[in-house]
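Here the structure is laid out as structure tokens; the discussion comes afterwards.
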Protein chains: 2
Amino acid sequence: MATIDDVAKLAGVSKGTVSSVFSKKRPISQLVTARVLEAAKELGYFPNHVARSLAIKKTLIAGLKMPISTDGGMSAFETQMMGGVIQTCTKHGYRVLLDTLPEHDDPTQFSIDPVDGVIMLNPRQNDPRIERYGQMAIPLVLVGRPDPMDEAVCFVDNNNKEVGLQVGDYLLGIGHRSILFLNASSDMTVAFDRQSGLAQAYERHGIPFGEAIVLNFSRKKHKNMANYGYAALLETYGKRPFSAVIADTDRVALGVLRAARELGIAVPDRLSLVALSNDATLAQETTPKLTTVELSAELLGAEAAHILIDKMNNIEGVHQRIVDAKLVIRESCKPLA
Amino acid sequence: MATIDDVAKLAGVSKGTVSSVFSKKRPISQLVTARVLEAAKELGYFPNHVARSLAIKKTLIAGLKMPISTDGGMSAFETQMMGGVIQTCTKHGYRVLLDTLPEHDDPTQFSIDPVDGVIMLNPRQNDPRIERYGQMAIPLVLVGRPDPMDEAVCFVDNNNKEVGLQVGDYLLGIGHRSILFLNASSDMTVAFDRQSGLAQAYERHGIPFGEAIVLNFSRKKHKNMANYGYAALLETYGKRPFSAVIADTDRVALGVLRAARELGIAVPDRLSLVALSNDATLAQETTPKLTTVELSAELLGAEAAHILIDKMNNIEGVHQRIVDAKLVIRESCKPLA
DNA sequence: AAGGATTGTTAAACCGGTTTAACGATCTGC
DNA sequence: GCAGATCGTTAAACCGGTTTAACAATCCTT
């Protein structure tokens with residue numbers, strides 16, 4: 001590859017002049033600009049991104065840290081979230097560097113990513129990386145609230161308590177009392193938040209929360225999300241009474257629907273079903289169409305990216321953003337007679 | 001941030017020694033190593049990735065170019081393909097730099113990505129980028145065959161002609177003659193290849209290809225894939241006879257199923273359905289479970305990454321890989337009486 | 001005990017850009 | 001016609017690492 005020196009030599013000007021032609025940070029006369037560009041074209045020269053990054057101390061790259069998925073598949077939430085991040089970053093001239101690696105703790109092997117800032121999905125409890133990025137002065141935005149809560153750290157999250165409250169309120173409001181809640185994995189903050197929201201709904205309706213049945217997804221027990229819904233319904237049905245199901249995702253709802261068909265339980269006539277949804281297109285292709293709470297993962301990703309970009313450019317802006325969910329009533333729920 | 005010089009000064013050694021301690025490319029005595037590491041810890045020093053990349057002329061980053069999705073959503077194929085790329089790259093110590101930007105043609109603004117190689121999804125016809133990467137001597141692997149075909153360029157692809165042939169052979173073999181093929185967008189090579197495979201199946205069975213009805217997806221006409229299947233069935237049914245449908249993706253099949261339910265057409269009793277599938281978990285949650293051709297997008301991504309990694313390390317290996325698809329018979333097809 | 005091999009360390013050059021400070025040339029005003 | 005401002009260009013320093021060549025210190029040989 002040709003370097004800036006080659007171009008300078010061929011065009012008969014100095015390095016600095018060539019640099020200015022390409023970066024446009026300093027005015028260069030028409031004549032010289034033309035000569036430089038021609039030389040560059042002749043040599044097939046393009047500025048070296050790495051060298052430039054070193055000099056300006058910016059890479060124009062945002063890092064996106066995703067939890068390691070053992071099976072390689074990304075959930076709909078992750079996919080959509082990522083889509084939002086990529087779109088927003090791209091629009092603002094940033095590239096996205098993906099990585100699913102756990103941070104290495106051997107300091108002799110750890111090397112800082114070539115990024116100007118980081119978006120981190122689903123931080124763990126007391127995640128040590130949060131502090132580390134702080135030390136390194138690398139802007140950080142979380143997707144999913146930090147645990148423990150920290151006012152100083154930037155994050156975006158669904159209002160998960162509100163999600164639980166909203167769907168609970170809806171189902172209890174149309175007469176259901178016993179609800180099977182197929183919740184997310186118990187080590188996730190979302191699971192905790194949604195459950196506490198549901199509990200609050202029960203309280204508001206004066207019904208003991210004990211009438212709800214809460215299950216948690218487990219990687220060990222369930223092959224995939226659909227299988228979770230399928231197995232959970234088969235196992236629970238008949239053992240304990242319930243007239244409605246809240247499914248953690250569309251996929252879980254799909255499994256529930258299939259199990260219900262096999263058991264001969266009509267949805268929504270004998271069983272109501274609500275899905276916490278990441279994928280509105282899927283929810284509309286089932287029979288009956290799914291009543292859902294739309295989580296808008298894409299918006300979450302886009303918001304995270306916006307906040308990060310502001311931080312990277314030292315623009316003062318919001319630090320946190322709670323995205324409200326929206327209940328969309330379709331066909332899968334019915335008032336309890 | 002502390003630099004290597006700071007550490008050298010504090011540890012009382014030279015730059016080069018500190019470098020060797022971290023890169024382990026040269027043996028350093030126990031004593032000095034300890035002193036350097038302690039100094040580094042005290043200063044909170046981590047090697048600067050950009051500076052290192054400049055010096056060693058490698059970034060350990062693979063670029064992944066995806067076509068720009070207008071609506072921000074990625075298809076299941078794209079998602080899975082990406083998952084395969086990420087997993088394989090991560091396993092081999094490479095990060096993945098995503099980008100959906102069209103390459104800028106203004107040479108004063110174009111800057112080479114900080115990548116050691118590139119994986120490009122769905123190259124266009126006569127894609128100028130292929131040649132450009134060649135000029136820059138940046139290793140390139142395509143996902144989806146180049147058009148026109150070029151023996152020199154690396155790529156991985158499904159055996160799409162075989163896909164069309166296989167599914168056609170199956171359906172014609174169980175007595176169907178008129179098949180509605182809901183094919184991909186007509187400007188994609190996959191659409192062309194699959195159709196020619198299907199035509200070959202017709203020929204093999206001595207049935208004029210004219211009995212098949214081939215439709216193409218169109219971004220303008222169809223909101224999303226499921227909607228394509230739904231609308232296509234409603235529009236075509238009754239106008240022209242057919243006893244089987246080949247759906248381009250699981251989502252399309254979902255739409256077909258819904259339309260069939262609304263029209264009161266029993267699947268598979270009165271209509272057989274095969275999906276070209278990217279998402280095996282989805283195909284098993286419908287009623288009836290979908291008979292599919294599994295496209296294994298993830299494998300495709302992983303293979304592309306393998307080939308790229310070999311190229312980036314100057315290891316001679318295969319240049320091209322055609323992945324065969326597998327017909328999985330479930331419940332959505334029935335012999336024509 | 002001299003000579004050669006081995007090991008560990010260093011100073012300096014280098015990777016390919018950006019940026020600062022200085023400078024010469026042209027343009028203004030008086 | 002000269003002082004001062006403006007404009008375009010350049011040489012040199014810099015970003016933070018790696019690597020080469022030279023060298024000093026230690027370890028065998030014989």
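Sequence lines set the chain letters: A, B, ... in the order given, protein chains first and strands last, and positions in each chain run from 1. Keep in mind that this is a model prediction, so the values were computed, not measured.
- A:I56 places its CD1 atom 13 Å from the P atom of C:dG17, with the value rounded to the nearest Å.
- Overall bending of the helix from C:dG4-D:dC27 to C:dC30-D:dG1, expressed as the angle between end axes built from five pairs apiece, is 40° (10° steps).
- The distance from atom NE2 of B:H49 to atom P of D:dT18 is 11 Å, rounded to the nearest whole Å.
- Counting to the nearest Å, the P atom of D:dG16 and the NZ atom of B:K15 are 10 Å from each other.
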Pairs under 3.5 Å (N/O, protein and nucleotides 22-25 of chain D):
none

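- A:S14 and A:T17 share a side-chain donor-acceptor pair at under 3.5 Å.
- When all heavy atoms are compared, the tightest approach of B:F155 to B:G144 is CB-O, 4.2 Å.
- Annotation for B:E151: atom CD does not count as buried by contact number, only 12 or fewer foreign heavy atoms lying within 6.0 Å.
- Between D:dT10 and A:T17, a contact under 4.0 Å exists linking OP1 or OP2 to a side-chain N or O.
- Here A:V32 lies in heavy-atom contact (under 4.0 Å) with sugar-phosphate atoms only.
- Considering only the side chain of B:K57, C:dG16 comes nearest among D:dT18, D:dG8, C:dG16.
- By the ring-ring contact (aromatic ring centres under 6.0 Å, His included) test, A:H319 is found to be paired with no residue, residues two or more places apart in sequence or in another chain being considered.
- Considering only side-chain N and O atoms, A:S20 lies nowhere under 4.0 angstrom from the phosphate OP1 or OP2 of C:dT18.
- Within residues 2-13 of chain B, the residues that place at least one heavy atom under 4.0 Å from DNA chain C are, in residue-number order, B:G12, B:V13.
- For the pair A:K58 NZ and D:dG16 P, the interatomic distance rounds to 15 Å; values are reported in whole Å.
- Between A:K25 and C:dT19 there is a side-chain N or O to OP1 or OP2 distance below 4.0 Å.
- The side chain of B:S19 places an N or O atom within less than 4.0 Å of a non-bridging phosphate oxygen (OP1 or OP2) of D:dT18.
- Rounded to an integer number of Å, the gap from CE of B:M1 to C1' of D:dG17 is 13 Å.
- In this structure, B:K65 and B:I119 have side chains that are not in contact, with every pair of non-hydrogen atoms separated by 4.5 Å or more.
- Within 4.0 Å of A:L54, counting heavy atoms only, lies at least one base atom of the nucleic acid.
- Residue whose closest nucleotide on DNA chain C sits further toward the 5' end, between A:A51 and B:P27: B:P27.
- Every residue two or more places apart in sequence or in another chain that forms a side-chain hydrogen bond (donor to acceptor under 3.5 Å, both in side chains) with A:Q125 is listed here: A:D147.
- Note: CD (B:Q30) to C1' (C:dT9) measures 16 Å, nearest angstrom.
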- Given protein heavy atoms under 4.0 Å, the one-letter contact record of nucleotides 20-26 of chain C, with B base, S sugar-phosphate only and - none, is simply B------
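- With rounding to whole Å, B:K24 atom NZ is found 15 Å from D:dT19 atom P.
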